[in-house]
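Reviewing the structure listed below.
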Amino acid sequence: MDSSDEEGEEYLFKIVIIGDSAVGKSNLLSRYARNEFNPHSKATIGVEFQTQSLEIDGKEVKAQIWDTAGQERFRAVTSAYYRGAFGALLVYDISRRTTFESIPRWLDELKTHSDTTVARMLVGNKCDLENIRDVSVEEGKSLAESEGLFFMETSALDSTNTSALDSTNVITAFEMVIREIYNNVSRKVLNSDSYKAELSVNRISLVNDGSDGTKQTQGLYSCCSR
Ligand SMILES: Nc1nc2c(ncn2[C@@H]2O[C@H](COP(=O)(O)OP(=O)(O)OP(=O)(O)O)[C@@H](O)[C@H]2O)c(=O)[nH]1
C-alpha cells in the first residue's frame, strides 16, 4: 500500500481493564464483545483478551482488550500486562465502597507499569444496583476530575433502559476510550514525521513508547444515574 494512502489503514490498540475482584470486569468485556452477561461468572484466572473493531474516520480501529484477575492470589501482575497499553478502564462497583477506595492503588499500579500516554476512564459499574448504592455519582466524578480521568457509570447487566444492543453505557465507555486513543495517536501523527512513517504500514500494532512523557487524558463526564 502507498504510504500516503490512509484509506483501509488499520490500527490495533491495546486496552487493559483493571479493578478489584468481582467488580464486573469480565462481564463488561463480554457484554461489549459478545453482548453477553453471565450472572455466575467465575473469577478470572490469569489474563484473557478479546478484539473488537470500530470504524473511525473511515479507518478500521481494532481494540485488543485485556481482562485480568482482580483477586490478589490470581494476580501475577506485571509490567507485561500493562506494556503497550494505550487505554485503561479502572473499574469499581458502585455498591461496594472498598472497590472505589482501591482505585488510587490501581492508578498507581497503572502509572508504575504502563507507558505515560494512556487514555484512562474511571468506570462505576453495577449502576443497576441503585437501591444498594454505596458510592455516589458525585464521588466518582470528583475522583475522576482530580485525577484527569474520563468517568462513566455502567451496568453490564441492565440492557433494558437503552438500545437492545447496549447495556447501560458499556459500549459508550469502551468506544469513548478507543476514540480518545485514536485522537491521541492522530495528534502524534500530525506532530511527528517519524511516527507518521511508523504508521504508514498497512496493519500496525501500536506500542505506546511514552515518548512525550507528560500527557494526561482530560476529564469528560457522563454517567447513567437517572
Ligand atoms: N448487578 C450487576 N451484577 C454484575 C454486573 N457486572 C457483573 N456483575 C456480577 O458481578 C459478579 C462478578 O463479575 P465478574 O465480571 O466476574 O467480575 P470481575 O471483576 O471480572 O472479577 P475477577 O475475575 O475476580 O477479577 C458476577 O456475579 C456478575 O454476574 C452489573 O453490571 N450489575
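Heads up: numbering here begins at 1 and tracks the sequence.
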In Å, rounded to the nearest 0.5 Å, how long is the span from [atom1] of [X] to [atom2] of [Y]?
{"X": "E36", "Y": "N27", "atom1": "CD", "atom2": "CG", "answer": "9.5 Å"}
{"X": "C127", "Y": "N169", "atom1": "SG", "atom2": "CG", "answer": "7.0 Å"}
{"X": "I94", "Y": "T99", "atom1": "CD1", "atom2": "OG1", "answer": "9.5 Å"}
{"X": "I132", "Y": "D134", "atom1": "CD1", "atom2": "CG", "answer": "8.5 Å"}

Using only atom types and a distance under 3.5 Å, with no angle test, would you say the side chain of [X] pairs donor to acceptor with the backbone of [Y]?
{"X": "R96", "Y": "V135", "result": "no"}
{"X": "K25", "Y": "G19", "result": "yes"}
{"X": "Y81", "Y": "W66", "result": "yes"}

Which residues pass the salt bridge (Lys or Arg N to Asp or Glu O under 4.0 Å) test with E101, not counting sequence neighbours?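 Salt bridge (Lys or Arg N to Asp or Glu O under 4.0 Å) list for E101, sorted by chain: empty.
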Report the residues that fulfil salt bridge (Lys or Arg N to Asp or Glu O under 4.0 Å) with E139, sequence neighbours left out, ordered by chain and then residue number. R97
Using a strict cut-off of less than 4.0 Å between a Lys/Arg side-chain nitrogen and an Asp/Glu carboxylate oxygen, indicate whether R133 and E130 qualify as a salt bridge. yes
Salt bridge check, R120 against E180: does any charged N sit closer than 4.0 Å to a carboxylate O? no
Only counting residues at least two apart or in another chain, list the ones meeting ring pair (Phe, Tyr, Trp, His ring centres under 6.0 Å) with F100.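 F100: ring pair (Phe, Tyr, Trp, His ring centres under 6.0 Å) contacts with Y92.
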Walk me through it: do L90 and V123 pass the test side-chain contact (heavy atoms from CB on, under 4.5 Å)? CA-CA 6 Å; L90 296 117; V123 176; over 6 Å; no
By side-chain hydrogen bond (donor to acceptor under 3.5 Å, both in side chains), which residues pair with [X], not counting sequence neighbours?
{"X": "S95", "result": "D93"}
{"X": "T51", "result": "none"}
{"X": "S53", "result": "E60"}

Verdict with reasoning, R179 to N183, per side-chain hydrogen bond (donor to acceptor under 3.5 Å, both in side chains): CA-CA 6 Å; R179 285 178 193 281; N183 289 339; over 6 Å; no
What heavy-atom pair brings S155 and N125 nearest, and what distance separates the two atoms?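 The answer is CA-OD1, 3.6 Å.
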side-chain hydrogen bond (donor to acceptor under 3.5 Å, both in side chains) evaluation trace for T117 with N184: CA-CA 8 Å; T117 309; N184 287 345; over 6 Å; no
The single option from H113, K14, E109, K111 passing side chain to side chain donor-acceptor pair (under 3.5 Å) against Y82: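 Of the listed residues H113, K14, E109, K111, the side chain to side chain donor-acceptor pair (under 3.5 Å) partner of Y82 is E109.
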